[in-house]
Protein chains: 2
Amino acid sequence: MPTIYDVAREAGVSAATVSRVLNGATTVDPAMVARVLTAVRELGYRPNAVARNLRRSRTTLWAVIISDIGNPFFTAMVRGIEDVAQREGYSVVLCNSDEDPVKEETYVAAALSEQMAGVIISSSGSVKAAKTLTGSPVPVVAVDRELPRAVVDTVVVDNEAGARTATEHLLAAGYRRVACITGPEGVSTADLRLRGYTEAMRSSAPAEPVIVRTDFREQGGYDAMASLLSSPEPPDAVFVANNLMTVGALRCLAEREVAVPGRMGLVGFDEIPWADLVHPSLTTVTQPTYELGRTAARLLVDRIATPAAKPARIVLSAELHPRRSSSR
Amino acid sequence: MPTIYDVAREAGVSAATVSRVLNGATTVDPAMVARVLTAVRELGYRPNAVARNLRRSRTTLWAVIISDIGNPFFTAMVRGIEDVAQREGYSVVLCNSDEDPVKEETYVAAALSEQMAGVIISSSGSVKAAKTLTGSPVPVVAVDRELPRAVVDTVVVDNEAGARTATEHLLAAGYRRVACITGPEGVSTADLRLRGYTEAMRSSAPAEPVIVRTDFREQGGYDAMASLLSSPEPPDAVFVANNLMTVGALRCLAEREVAVPGRMGLVGFDEIPWADLVHPSLTTVTQPTYELGRTAARLLVDRIATPAAKPARIVLSAELHPRRSSSR
DNA sequence: CTGAAAGCGCTAACAA
DNA sequence: TTGTTAGCGCTTTCAG
């Protein structure tokens with residue numbers, strides 16, 4: 001691979017001039033610019049970004065740490081991040097922590113080592129990872145999930161309100177024994193959606209809350225629904241706190257031929273791809289997913305520009321989309 | 001941020017010794033190892049990977065260039081890649097070209113500039129990007145889609161056979177006017193799946209092939225199906241060459257209340273998440289998606305180890321999963 | 001087993 | 001406007 005010195009020699013100028021040309025300095029003689037560009041083309045020169053990053057002591061990479069790359073919610077969010085990143089000249093390194101705090105810590109360490117320009121994280125709950133981030137000078141934005149015990153730029157949806165609305169919707173439809181399947185303790189979305197459910201139940205429900213905690217995966221939702229069905233007094237409706245678990249729950253009901261919405265009402269949080277094409281179509285609490293990502297990215301851009309600014313906190317709203325699965 | 005010299009001073013040793021300790025050299029006095037590790041902890045030292053990469057003139061990053069991060073097929077494949085990468089000590093930089101050759105070229109250029117250790121690419125068809133890659137010393141593996149006009153390590157499924165099987169399946173079920181919706185010209189999966197369809201039609205079909213080309217997106221499938229439906233003699237079945245387009249086609253049929261499989265049979269290539277839960281359940285040609293990624297990653301590991309080896313070509317097989325949408 | 005010193009490729013003061 | 005020079009932080013010979 002040719003270096004900047006090879007180009008300089010070929011063009012008969014100094015390395016500094018080549019650097020200037022390549023970085024768009026306006027203070028270069030047009031004749032030299034032409035010579036340099038010719039040399040670059042002839043040698044097939046490609047600047048070494050590693051060297052540049054070291055010299056400038058900054059990179060143009062963002063680490064985006066999400067907890068499940070297989071979840072369309074996260075990929076949609078990443079698209080929002082990417083679009084902003086690209087426009088601002090950054091590249092996105094996507095890190096999939098797989099809901100594993102240890103993997104999350106590893107990725108955080110790598111992001112710092114690699115001198116990433118910023119980190120956008122949807123925490124899988126590791127306090128250690130959060131501490132490492134806040135203890136470093138790297139700009140951080142929490143998205144979708146709060147960063148545990150940390151005050152950083154944050155963009156989330158109003159999980160509590162969304163969950164409350166979903167639960168009230170089921171109660172209003174005439175369901176009485178409404179249960180909740182939610183995610184792991186310590187993950188803010190799991191906890192807040194559970195809280196929204198509990199509030200709705202406390203204030204107006206004819207039955208006690210029934211709660212099952214599991215992971216945020218499809219299999220988790222399946223298992224949770226199975227255990228609810230085998231309980232002495234099964235619920236007649238379930239609010240499920242994320243998309244993949246909702247699909248798992250639906251699959252469980254389909255296999256056991258439990259009529260939805262007849263014998264069991266179902267509402268899920270998060271949009272589900274082709275929720276309208278599954279049978280029955282799924283009532284969901286939809287988030288502005290792409291917007292979530294875009295907003296987070298913008299906060300990161302701002303944070304990089306003004307590191308000392310007061311951390312922002314943006315709450316977007318979630319919206320109920322009633323479909324068949326909850327209409328008694 | 002403390003540097004290796006700060007640690008050296010704190011521990012009363014040289015920077016070289018710190019480096020040795022941190023890189024696991026066995027030729028260091030245990031007493032010094034202890035002093036160094038203490039100093040590292042006290043200062044919260046974190047090695048600067050950019051400097052290390054420059055010095056070693058290599059990185060531990062892989063660029064994985066895919067054409068649609070919103071397509072669950074690709075994310076499943078990426079998981080396979082990631083799992084191998086992580087085990088081998090690499091991190092994955094996911095690049096989403098969005099089926100845009102220009103974006104693809106940009107990412108390829110970035111991967112080379114950043115001195116990535118390797119590239120795994122599912123080409124969106126850019127010959128220029130392919131040329132740039134093969135003209136550089138970076139190890140490259142093509143996955144899912146061939147790299148145009150290039151001989152590199154490749155892992156694909158048998159697209160032609162899969163498409164032929166799918167088409168024959170529709171014909172055997174009694175459909176007669178079978179059409180095909182496929183992707184952009186120049187993308188190997190689009191072209192090969194089309195060829196498989198055409199072969200099946202030529203050899204045994206009672207009607208002429210009908211072909212619609214569009215992009216590989218959901219909307220493309222929707223539009224293609226709409227145009228087929230409005231033609232003078234609409235088909236009675238369609239083979240759709242990828243998952244998202246299949247969903248789009250199904251949505252179009254659902255909106256227009258065309259009975260599937262009664263008035264229209266449907267088979268899609270690629271697995272579709274919860275294909276069994278949509279209505280009607282979708283017949284698909286399923287690929288070993290995760291395996292595809294894992295295999296590609298292994299090829300890359302081998303290629304990095306022995307750059308001069310003869311390029312490998314691995315063809316996995318795709319399998320028909322008959323469900324409701326094709327059963328007349 | 002340890003340290004001194006060179007240099008990876010680039011950019012940014014500073015001189016000219 | 002251009003060139004010279006000094007590092008960015010690390011690893012790796014080469015001496016000792």
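Order of the sequence lines sets the chain letters (A, B, ...), proteins ahead of strands, with each chain counted from 1. Side-chain atoms are counted along with the backbone in the values below, which use heavy atoms only and exclude waters and symmetry mates.
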Report summary line: Taken in chain and number order and not counting sequence neighbours, the residues that satisfy side-chain hydrogen bond (donor to acceptor under 3.5 Å, both in side chains) with B:Thr154 are none
Report task. Give me the first and last nucleotide of DNA chain C, going 5' to 3', that has any atom under 4.0 Å from a heavy atom of chain A. Result -> C:dG9 to C:dA13
Query raised in the report: Which residue lies toward the 5' end of DNA chain D, A:Ala15 or B:Tyr5, if each is placed at its nearest nucleotide?
Result: A:Ala15
Query - Between D:dT11 (P) and B:Asn53 (CG): distance, integer Å - result: 10 Å
Query raised in the report: How many Å lie between CZ on B:Arg46 and P on D:dC10, as a whole number?
Result: 12 Å
**Report entry** Note, A:Val92 side chain near A:Gln86 side chain (heavy atom, < 4.5 Å)
**Finding:** no
Report task. Please tell me which of A:Arg58 and B:Val13 maps to the more 5' nucleotide of DNA chain C, matching each residue to the nucleotide holding its nearest heavy atom. Result -> B:Val13
**Report entry** Integer-rounded Å distance: D:dG9 P and B:Arg20 CZ
**Finding:** 21 Å
Requested in this report: Round to a whole Å and report the spacing from CG of B:Asp6 to C1' of D:dC10.
Outcome: 13 Å
Requested in this report: Compute the bend angle of the helix from C:dC1-D:dG16 to C:dA16-D:dT1 from the end axes (five pairs per end), rounded to 10°.
Outcome: 40°
Query raised in the report: Would you call A:Val78 and A:Ile66 a side-chain contact if the rule is heavy atoms closer than 4.5 Å?
Result: yes
Requested in this report: Mind calculating the distance between CG (A:Asp29) and C1' (D:dG3) to the nearest angstrom?
Outcome: 14 Å
Query raised in the report: B:Asn23 has an atom CG; how far is it from atom C1' of D:dG9, in whole Å?
Result: 13 Å
**Report entry** Under 3.5 Å donor-acceptor pair, A:Arg55 side-chain atoms to D:dG9 base atoms
**Finding:** no
